[in-house]
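Notes follow once the structure below has been shown.
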Amino acid sequence: MSTLLSFHKSILEKTHDPATSELLLIARGLGLRRVTCKLLQIYDSPQNLVILVNASQDEASAIGEELGVMGCRKPGLRIVGFETGRKERQELYKKGGLIAVTSQILTVDMLTSDIPTHLITGILILHAERVSPSSSEAFIVRLYREKNKSGFLKAFSDQPEHITSGMSPLRTIMKELQLRTVHIYPRFHQDISECLGRDRSVLQLTVDMTENMSEIHNAIVQCMSTTLSELKRSNTSLELDDLNVENAYFKSFDAIVRRQLDSVWHKVGPRTKQLVNDLATLRRLLNMLLSEDALSFQQYLESLIDSNTYNEAGNARQNQSPWLLTDAANVIFQYAKRRCFTMSRDPQQSVPPPQVYDVEDEDAWEALYELEGVRIRKGAAQQDKRPSWLPQGMEPVLEELPKWSLVSAALEEIEEEMMRREATLSSRDPGTNTILIMTSSLRTAELLREFLASIQSDSSPGAQGRKMMQRRLRRYLEGQAMRNMDKKGKQSSHSHVAAGTVEPPGGKDRGEGEVSAALRKKDRDKQAKAASRRRLRGGAPAVQPPRKPIEIQDDERLLLPEQFDVDAMLGAFPEPTAMLDFGAEFDPDYGLVASEQTAIVRAYSDDGDDHILSELQPRYIIMAEPNLDFVRRVEVYKKSSPGLGVRVYLMIYNLSCEEAKYLFGVGREKDAFERLIKERGSMLLPIMEERRLSENADSVIKTISTRIAGGRKEVSAEPYQVVVDMREFRSSLPSLLHATGTVVIPATLTVGDYILSPDIGRLYTQCEMMSAHYKHPILLIEWEEHRSFSLEAVAEVKSYAKPKYAAKNKVSTAATTETTLPPSSTIQSKIVLLTLTFPRLRIIWSSSPFATADIFNDLKRNLPEPDASRAVAVGAEEDAAAAAADASGGAGVHNVAAEELLRSLPGVSARNVRHVMNRVGSVREFCELGRGQMQDMLGVEPGKMCWDFIHRGDRKE
């Protein structure tokens, strides 16, 4: 159970009162989940009904587990998902307690009265920074306050950066949540500063990047600056002053740039769109440079070159990334290759003289060296051996990340510290000797696990992961060979087009039979390496042994792409049965590992890291990459465990984007909190008024027409009603309809998504069903708010319109042009086909969900309200008739043979056969219908097809 600190108790004193409703903003890493769980524990009672909203599946499970540790087990937190049935949900609501439910399910249950809204004790909303006028949470609050004025509402957020965009963002959130109180707790809050103080036990270790890494890093930053300058120059009419390299280090930068360009996205050309995508690619390159190995970085660069050279059809790409054509990009490619290997022009110069190593007498040589006082390093001897699979002319460099050696040195220092403190520590002292290593991603954690599992402790720094890098180089060469095989396969298939193909030097006969005698003598099943000093525990967060690489036969060679042979490559892979070696992976010492022999490697996560810290209670923590949230979690963890000495190693690359990103993140959060505090001091609090039926008085007046009895006809004062399909509550339109005063009735509709009146329905997927059941089928095409109100730009229309005419003049170019149309052109062509096939179909263009709500209100004027039961029956009445026929045996209801004959006619399907049988009495009567009558019954195209078949048959001259 997590211990509550003094500032946690201060927050609970201000927020635990069920008679108050408030919004809590707190800095990340300070224990928001502790406060939430403690509030849920306070409210846990069968007499209360407390709803937890906007929690993901993982968050709800973690909160439920934490509550179980705190003693809330009977029944504890119950999670309601999409698999929970309606009756089961009703029973859960009646029993009371703590319930976690998704926003969509809670909205539908409130509208259908499956949950007693007036009996809800309170609602807790997580991630309040996502609340907007069109969000599901705002819809829930409106439904909640319509029937419940006494229940509490408490919202929480630890993302202050997301509440600083727009005009008065804090006021907007409080208005939608109908709150008047907000509590702000940054790291520099007085209560938090006095409680945590300044942490002086963190050892910040800065390491310089290698020369190659520094050159690549500076080149990438230069490419980002060039791309940003080009983006600003191309869009001078927009406010792009906030776009700088410091902001480009964060993942949210792409969303910021896209939000700035959304309003003119239909006007910008393909070059601007390419620049926006290039910024994300360059940021990914920066992260990979500091966290991935050299070979993975080289592979990603090669994939970028291929994707910018050829398109999906294999043809030359027209719009390439501009940064690839700069001098800085050339620097990136050259130095990235130097980190992996170098190629010599004369292959014979790089081949060392043959040396024979007697592996069996290695121990004897070591004993002789020890007697003579000569010390040699095994790693140096092993590095001199040239692998047989390495192509001639290639000299492997295999540059390792500097942080790997730093982690290894930190582990040695920690081991010495353990031995020094072993005599002074007792079993009563808090904490364990388990070492916790944190990384930024799962990929980095896996790479670090592989390095620690195969580390060569006796090697010099920078060469401790030589074996791992050699395995990766071997897999890299295998991938290059496979790619070359695919290219050769494509070239051979198009050999009749390309004439004069010259085979590269060094064909398939080169290198065959030249196998080293030492390799043939080498034993393939040599004994497993002795266990290292530090044992590594498996499991999800623990260090796992690396996967066994693919074995290649010793008498075969792996060639470079230019020396590639298909037969040699196919023979390089062993038989499947040869790879099943269970003896090498079996651990005879399987069992629990002592804490001082355990190192756990994990990736940074959310509030679940607090649970890991409290469960493991490590004395030594290595942060391989800086993370502001985890630094604060460690501060809270140390303060929550009095008497526990924790040593933290924080590793940062000197003069890198990693350091700049960490410092800029600290400043950005501080600025966000300062703006929120300033806005709170000058904010005009909204006045909450009750919603009345008279809000629609203006719309009622508009429905009075002086042409109908001089305006003396009585008009119903009831609000508008719209029947909405259950699946549509994922969108924001139902919420906005409810905000305009329209009564939203949820139902499971077979035909249509929105039923505005008995004659108007919104198109779903089956246009023929809509045309058959409704008088006015409507297709609504709706854009998101602040997006460009256009399908595509004019330049993009020309891109797929030109090849149509070019193919008439030159037949040879038809095979080289792209045959796939852009997605927007496909949408336009489908709309044209719909309008041609269904002439009664009407299309409504809406620029945003807000405009759609106004359009719906205008369409409903002077029209009767829809019946929810009838709307549900539309399309499902055929199934009901079939069920009735089955219940009565089907003898006295309809003729089965006639139904089968009717089903066999073209245009009549299982979806509309019941509708036809309800309209006509016999097959004869159906065949005597006219073309127009049959089209009204089946639809335009199906009706025409069926009428032509009946009157002309399937014989077409």
Side-chain angles (χ1 to χ4, degrees), residues 1-8 27-34 187 192-207 403 406-440 445 448 452 534 536-537 541-543 593-652 662 666:
M1 178 178 175
S2 301
T3 305
L4 294 177
L5 300 181
S6 59
F7 68 90
H8 291 147
R28 289 187 303 274
L30 295 181
L32 177 60
R33 183 170 295 178
R34 298 187 186 188
R187 175 61 178 85
I192 300 177
S193 299
E194 293 178 355
C195 178
L196 299 180
R198 296 190 62 181
D199 191 3
R200 303 182 182 276
S201 61
V202 177
L203 302 178
Q204 181 173 338
L205 305 178
T206 58
V207 57
K403 279 190 179 181
L406 200 61
V407 171
S408 177
L411 290 176
E412 294 181 1
E413 180 179 342
I414 290 173
E415 189 171 1
E416 295 175 358
E417 182 68 16
M418 288 181 185
M419 298 174 61
R420 187 182 307 111
R421 298 178 57 183
E422 185 176 3
T424 59
L425 293 177
S426 62
S427 58
R428 298 181 179 179
D429 294 331
T432 61
N433 287 332
T434 301
I435 301 176
L436 181 61
I437 305 175
M438 302 299 295
T439 61
S440 60
L448 192 56
L452 294 177
R534 178 164 305 281
L536 304 175
R537 186 172 68 179
V543 178
V593 183
S595 60
E596 60 270 6
Q597 298 179 354
T598 305
I600 298 178
V601 184
R602 274 182 56 90
Y604 294 119
S605 182
D606 53 2
D607 290 336
D609 291 340
D610 293 332
H611 179 69
I612 294 297
L613 290 173
S614 60
E615 181 182 2
L616 297 177
Q617 293 187 350
R619 295 193 183 99
Y620 306 97
I621 300 174
I622 298 177
M623 298 177 62
E625 290 158 320
N627 185 275
L628 179 61
D629 305 348
F630 193 79
V631 170
R632 291 172 179 165
R633 299 186 199 282
V634 172
E635 292 178 351
V636 176
Y637 160 68
K638 291 172 59 178
K639 199 66 179 180
S640 303
S641 304
L644 175 62
V646 181
R647 177 177 293 186
V648 182
Y649 295 86
L650 178 60
M651 301 180 180
I652 301 179
Y662 178 75
V666 174

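In this text, all values refer to a predicted model and were calculated from it rather than measured experimentally.
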Exercise. Just do the side chain to side chain contact (heavy atoms under 4.5 Å, CB included) check on Thr598 and Thr432 with the steps written out, would you?
Key: CA-CA 10 Å; Thr598 305; Thr432 61; over 6 Å; no
Check step by step if side chain to side chain contact (heavy atoms under 4.5 Å, CB included) holds for Tyr649 and Leu406.
CA-CA 10 Å; Tyr649 295 86; Leu406 200 61; over 6 Å; no
Report task. Check the pair Ile414, Ile622 against side chain to side chain contact (heavy atoms under 4.5 Å, CB included), reporting the backbone distance first and the verdict last. Result -> CA-CA 10 Å; Ile414 290 173; Ile622 298 177; 3.9 Å; yes
**Request:** Apply salt bridge (charged side-chain N to carboxylate O under 4.0 Å, His left out) to Asp607 and Arg34, showing your working.
**Result:** CA-CA 9 Å; Asp607 290 336; Arg34 298 187 186 188; over 6 Å; no
Begin with the C-alpha distance, continue with both residues' side-chain angles, and end with the deciding distance and a verdict on side chain to side chain contact (heavy atoms under 4.5 Å, CB included) for Leu196 and Leu30. CA-CA 10 Å; Leu196 299 180; Leu30 295 181; 4.0 Å; yes
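We find the CG-CE distance between Asn433 and Met419 to be 12.0 Å, quoted to the nearest 0.5 Å. Rounding to the nearest 0.5 Å gives a distance of 9.0 Å between CZ of Arg619 and OG1 of Thr434. How far CD of Gln204 is from CE of Met623: 10.5 Å, rounded to the nearest 0.5 Å. In this structure, the separation between CG on Leu616 and CD1 on Ile435 is 12.0 Å, given to the nearest 0.5 Å.
Of all non-hydrogen atoms in Leu5 and Ser640, the two that sit nearest each other are CD2-OG, 3.6 Å. Minimum heavy-atom separation, Leu644 to Tyr637: CD2-OH, 3.0 Å. Between Thr439 and Ala624 the shortest heavy-atom distance is CG2-CB, 4.2 Å. Across every non-hydrogen atom of Asp609 and Ala603, the tightest pair is OD1-O, 4.3 Å. Across all their heavy atoms, Gly31 and Asp610 have their closest contact at CA-OD2, 4.3 Å. Leu436 and Arg602 make their closest contact through CD1-CD, 4.4 Å (heavy atoms, listed as atom of the first residue, atom of the second, distance).
Contacts classified as salt bridge (charged side-chain N to carboxylate O under 4.0 Å, His left out) and involving residues 635-648 (residues at least two apart or in different chains) are given here: Arg187-Glu635, Asp199-Lys638, Glu413-Arg647, Glu417-Arg647.
The side-chain heavy atoms of Ile600 and Ile612, taken from C-beta on, include no pair separated by under 4.5 Å. Lys403 places a side-chain heavy atom less than 4.5 Å from the side chain of Glu625. Residues Val634 and Val202 are not in side-chain contact: their nearest non-hydrogen atoms beyond the backbone lie 4.5 Å or more apart. Contact check for Leu613 versus Val636: no side-chain heavy atoms found under the 4.5 Å cut-off.
Shown here are the ring pair (Phe, Tyr, Trp, His ring centres under 6.0 Å) partners of Tyr604, two or more places apart in sequence or in another chain: Phe630.
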